[in-house]
Number of protein chains: 2
Amino acid sequence: MIYTVQQFAKMFGVTEHTVRYYTDIGILPCLRDEGNRRVFNEESVNWMQGITCLKGCGASIDDIKEYCRLCHLPESEENMRARYKIMLNQREQAYRHIDEAKAVAKYMDDKVKHYEDIFRGKNSRRHKSLPLDG
Amino acid sequence: MIYTVQQFAKMFGVTEHTVRYYTDIGILPCLRDEGNRRVFNEESVNWMQGITCLKGCGASIDDIKEYCRLCHLPESEENMRARYKIMLNQREQAYRHIDEAKAVAKYMDDKVKHYEDIFRGKNSRRHKSLPLDG
DNA sequence: TAGAAAGTTCGAGTTACACGAAGTCAAGTG
DNA sequence: CACTTGACTTCGTGTAACTCGAACTTTCTA
């Protein structure tokens, strides 16, 4: 399967600008057709998945560049260890994000319930003061 | 309890710059002492918690400004409904974030295992091709 | 063959801070 | 009392990662 910029962007829910940006800075591989247009294949898809996940972990573009650089070097023991270490760290961030997101969701649940109590005429503020309600 | 900028920033794990920025754009309330220095109290703490969570949901500064604006208006039925709606939407984002973070964590788990297999001499690439490994 | 659609590069704009400069002010030290 | 220290102030520029628009070229479709 091969894809145009447009198809590829839609596939990952990002703008075409972003896709071009990633290819320009060298973290997303693509081929070119006779008219110099970007062409994306399965390899591009795999890399884009990786980029998306690393970004999801909180990695910066520079972090991702560094990982890409390592992936293009010969696969020495040292190199693989370096890649592994990056992935370990990023995985840790991912788990941290789950916890943070859960805490945020809990807070929002409380807020939502607070408003629903008010609409029900309970006026819970008399019992418990919650932030951000005026 | 009252806090200086420094104490308050440390409390929430942000820089003093960020705290000042929030007060300057009017989303974080604070008092001033005789020397015109910012003084934070429990109300500030509550607002900062709310801001942190809204940001965690993905709300922009402008979104937060809008919510703050509503909180400073008289508490009409309409106003409360508007605030409620914002919180409902943001809660949805929070739950979406949990799912996304879980998916990312799973991907990273696979990558980490992939590398561990290689170190163990399995060379799993012969069986399964994973992205971002060169 | 004309015109729309989709692509190209390039450069400026945006968000949410991050940081440094220059100055104020109160407390502690010699 | 002068001086340093340190935390604070405002103001203004810098940064990351896009985001958008302009101006142009190429390819597809009627």
Side-chain angles (χ1 to χ4, degrees), chain A residues 1-41 44 47-69 90 93 97 100 104, chain B residues 1-41 44 47-69 90 93 97 100 104:
Chain A
M1 283 302 272
I2 62 167
Y3 312 91
T4 66
V5 168
Q6 199 181 43
Q7 293 167 334
F8 195 80
K10 184 178 277 183
M11 205 165 147
F12 286 97
V14 298
T15 67
E16 300 171 32
H17 281 290
T18 300
V19 173
R20 293 202 192 92
Y21 173 67
Y22 286 169
T23 64
D24 288 349
I25 63 174
I27 61 175
L28 177 62
C30 71
L31 306 169
R32 297 280 182 156
D33 68 8
E34 330 78 49
N36 195 34
R37 281 174 303 186
R38 293 171 182 78
V39 174
F40 300 90
N41 56 17
S44 309
W47 276 94
M48 190 64 181
Q49 277 170 354
I51 291 167
T52 305
C53 283
L54 283 173
K55 273 179 55 64
C57 292
S60 70
I61 291 287
D62 276 355
D63 293 336
I64 297 173
K65 272 187 193 164
E66 171 61 9
Y67 186 77
C68 290
R69 196 183 62 79
Q90 295 302 329
Q93 297 306 312
H97 284 164
E100 284 172 3
V104 167
Chain B
M1 283 302 273
I2 61 167
Y3 312 92
T4 66
V5 167
Q6 198 181 43
Q7 293 166 335
F8 195 79
K10 184 177 277 183
M11 206 165 147
F12 285 98
V14 299
T15 67
E16 300 172 31
H17 281 290
T18 300
V19 172
R20 293 201 193 92
Y21 173 67
Y22 286 170
T23 64
D24 287 349
I25 62 174
I27 62 176
L28 178 61
C30 71
L31 306 169
R32 297 280 181 157
D33 68 7
E34 332 76 50
N36 195 34
R37 280 172 303 187
R38 294 171 182 78
V39 174
F40 300 90
N41 56 17
S44 309
W47 276 94
M48 191 64 182
Q49 276 169 354
I51 290 167
T52 305
C53 282
L54 283 172
K55 273 179 57 63
C57 291
S60 71
I61 291 287
D62 275 355
D63 293 337
I64 297 174
K65 271 187 193 165
E66 171 61 10
Y67 186 79
C68 290
R69 197 184 61 80
Q90 295 301 330
Q93 296 307 311
H97 284 164
E100 284 171 3
V104 167

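By convention in this document, chain letters (A, B, ...) are assigned in the order of the sequence lines, proteins followed by strands, and residues within each chain are numbered from 1. Treat the numbers as computed from the prediction; the structure is a model and nothing was measured.
- The outermost nucleotides of DNA chain D lying under 4.0 Å from heavy atoms of chain A, listed 5' to 3', are D:dA17 to D:dT27.
- How far CD1 of B:I61 is from CD of B:E66: 14.0 Å, rounded to the nearest 0.5 Å.
- Between the CD atom of B:Q93 and the CG atom of B:L54 there is a distance of 11.5 Å, given to the nearest 0.5 Å.
- Using a 4.0 Å heavy-atom cutoff across all strands shown, B:G35 reaches no nucleic acid atom at all.
- Using cut-offs of 30° and 60° on the angle between ring planes, the pair A:F8 and A:Y3 is tilted.
- Using a 4.0 Å heavy-atom cutoff across all strands shown, A:R38 reaches sugar-phosphate atoms only and no base atom.
- Here the CE-CD distance, from A:M11 to A:Q49, works out to 7.5 Å after rounding to the nearest 0.5 Å.
- Rounded to the nearest 0.5 angstrom, A:K65 NZ and A:I25 CD1 are separated by 5.0 Å.
- Rounded to the nearest 0.5 Å, atoms CG (A:D33) and CZ (A:R38) are 11.0 Å apart.
- For A:S44 (side chain) and A:P29 (main-chain N/O), a donor-acceptor pair under 3.5 Å exists by modelled atom type.
- When DNA chain C is scanned 5' to 3' for any atom under 4.0 Å from a heavy atom of chain B, the first and last hits are C:dA16 to C:dG20.
- Checking A:T15 against A:D33, the closest nucleotide of DNA chain D that is more toward the 5' end is the one next to A:T15.
- The backbone N or O of A:S60 sits less than 3.5 Å from a side-chain atom of A:D63, completing a donor-acceptor pair.
- Along DNA chain C, the nucleotide nearest B:A59 and the nucleotide nearest A:Q6 are compared for position; the residue whose nucleotide lies closer to the 5' end is A:Q6.
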